Amino acid sequence: MDLVRVATAAGVTTVTLDSPANRNALSTPLMTQLLEALSTALTDPAVRVVVLSHTGPVFCSGADLKETAEARATGRVPAELLADVLAALWEFPKPVVARVGGPARAGGLGLIAAADIAVCTREATFAFSEVRLGVIPAVISATVLPRLAPRAAAELYLTGDVFDGVRAAEVGLVTAAVSAEGLEATVAGYCDALVRGGPLALAGAKQLLRRAPAASIRAELADLSERSGAYFRSAEGTEGVNAFREKRDPSWVPSAERDVVR
């Protein structure tokens, strides 16, 4: 079964979780197909931005508990494969935008946190429900804890309480919480802005956001100065500066003529 659908237009690939019958639970087949979709998007130069979306009213209900129960005694539980998915999203060199139009639980929050930008509806609900099942949010902590304010993380991890989209934005889980009617336009607005960035520059900016600081301020500035100079001297940097001076779009910005839909 196809549990993940992929469509590309104007430089934006939308990867849609399409398993509404089990609320887009993170089963092994779904996560395997998601990894395949990300691998394809990674190597396709026409793909500039990835949007992670969903069908049905639920973004993602977390681990597939039925599969987990069946696999616990005999094989790898789905939560272990989730580590590969989160790493692929976190390390993805192209911008990733999560479009969250409904509830997310447990592992689903790990996907949201792994995205660079996440937009949800105000009515969407979230919960770190693991402790109420007698387990812990271990794997997703790699992407979630860098996003959350520490006091909020303690409260939400330990209580397992449900919170809404407005609170999710306040504590840093998502970038913005908007009306249900405004979700598509907000996601599209972010994508329109992202495709205007140079592909190599976007990857480099993501590296800056993930890098560990150097031991001293001078070492930090030396490294950053070297990076800056390399980008200014690059072909992409030269094209960007020339396009700005000539008041035109750089060659990497998708146009109607270059648009690909598939």
Side-chain angles (χ1 to χ4, degrees), residues 17 23-26 31 34 50-54 57-65 68 78-80 82-92 95-183 186-187 189-190 193-194 205-213:
L17 307 182
R23 301 180 299 170
N24 294 316
L26 295 170
M31 289 190 286
L34 177 54
V50 168
V51 173
L52 183 60
S53 187
H54 63 101
V58 176
F59 174 77
C60 177
S61 59
D64 186 324
L65 297 182
T68 298
E80 295 174 282
L82 178 60
D84 296 333
V85 173
L86 295 183
L89 286 168
W90 189 265
E91 296 173 348
F92 204 71
V96 178
V97 180
R99 173 200 167 277
V100 185
R105 297 289 185 271
L109 278 67
L111 300 182
I112 294 168
D116 300 294
I117 294 171
V119 184
C120 72
T121 62
R122 298 187 188 103
E123 298 78 15
T125 61
F126 307 88
F128 297 97
S129 52
E130 286 88 347
V131 293
R132 298 193 179 188
L133 300 176
V135 296
I136 62 173
V139 175
I140 66 171
S141 290
T143 59
V144 167
L145 292 183
R147 305 295 191 194
L148 293 186
R151 283 293 188 185
E155 173 200 347
L156 298 172
Y157 266 38
L158 297 176
T159 65
D161 282 346
V162 175
F163 55 103
D164 64 13
V166 174
R167 183 84 196 282
E170 290 173 349
V171 301
L173 179 64
V174 301
T175 310
V178 301
S179 67
E181 297 77 14
L183 180 62
T186 303
V187 170
Y190 277 118
L194 290 167
K206 289 190 64 167
Q207 289 176 355
L208 288 178
L209 293 168
R210 304 284 193 264
R211 69 189 290 273

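Since we're looking at a predicted model, the values are computed, not measured.
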For [Y], is there any backbone N or O sitting under 3.5 Å from a side-chain donor or acceptor partner on [X]?
X      : Y      : answer
Arg105 : Val162 : no
His54  : Gly101 : yes
Ser61  : Arg23  : yes
Thr121 : Ser179 : no

Full working for side chain to side chain contact (heavy atoms under 4.5 Å, CB included) between Ser53 and Phe59:
CA-CA 7 Å; Ser53 187; Phe59 174 77; over 6 Å; no
Answer whether the closest heavy-atom distance between the side chains of [X] and [Y] falls below 4.5 Å.
X      : Y      : answer
Leu111 : Leu26  : yes
Tyr190 : Pro95  : no
Leu109 : Phe128 : yes

Does a donor on one side chain and an acceptor on the other come within less than 3.5 Å for Tyr157 and Ser141?
yes
Between Arg99 and Thr186, is there a side-chain donor-acceptor contact under 3.5 Å, judged purely by atom types and distance?
no
Worked check of salt bridge (charged side-chain N to carboxylate O under 4.0 Å, His left out) between Asp116 and Lys206
CA-CA 9 Å; Asp116 300 294; Lys206 289 190 64 167; 2.7 Å; yes
Between [X] and [Y], which heavy-atom pair has the shortest distance, and what is it?
X      : Y      : answer
Trp90  : Ala114 : CE3-CA, 3.9 Å
Cys120 : Gly165 : SG-CA, 3.6 Å
Pro57  : Pro103 : O-CD, 3.1 Å
Val166 : Ala177 : N-CB, 4.0 Å
Leu17  : Leu34  : CD2-CD2, 4.4 Å
Ala106 : Ser129 : CB-OG, 4.0 Å

Side chains of residues 130-140: which donor-acceptor pairs under 3.5 Å do they make with residues two or more places apart or in other chains?
{"unit_1": "Arg132", "atom_1": "NE", "unit_2": "Thr159", "atom_2": "O", "d": "3.0"}
{"unit_1": "Arg132", "atom_1": "NH2", "unit_2": "Thr159", "atom_2": "O", "d": "2.8"}
{"unit_1": "Arg132", "atom_1": "NH2", "unit_2": "Asp161", "atom_2": "OD1", "d": "2.7"}

Distance (rounded to the nearest 0.5 Å) between [X] [atom1] and [Y] [atom2]:
X      : Y      : atom1 : atom2 : answer
Gln207 : Glu91  : CD    : CD    : 11.0 Å
Leu82  : Asp64  : CG    : CG    : 12.5 Å
Leu52  : Ile112 : CG    : CD1   : 8.5 Å
Leu156 : Arg167 : CG    : CZ    : 5.0 Å

Verdict with supporting geometry, Val100 and Val174, side chain to side chain contact (heavy atoms under 4.5 Å, CB included)
CA-CA 9 Å; Val100 185; Val174 301; 5.5 Å; no
Looking at Arg151, I want to see if its CZ is surrounded by more than 12 non-hydrogen atoms of other residues, nucleotides or ligands under 6.0 Å.
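Incorrect, the count does not exceed 12.
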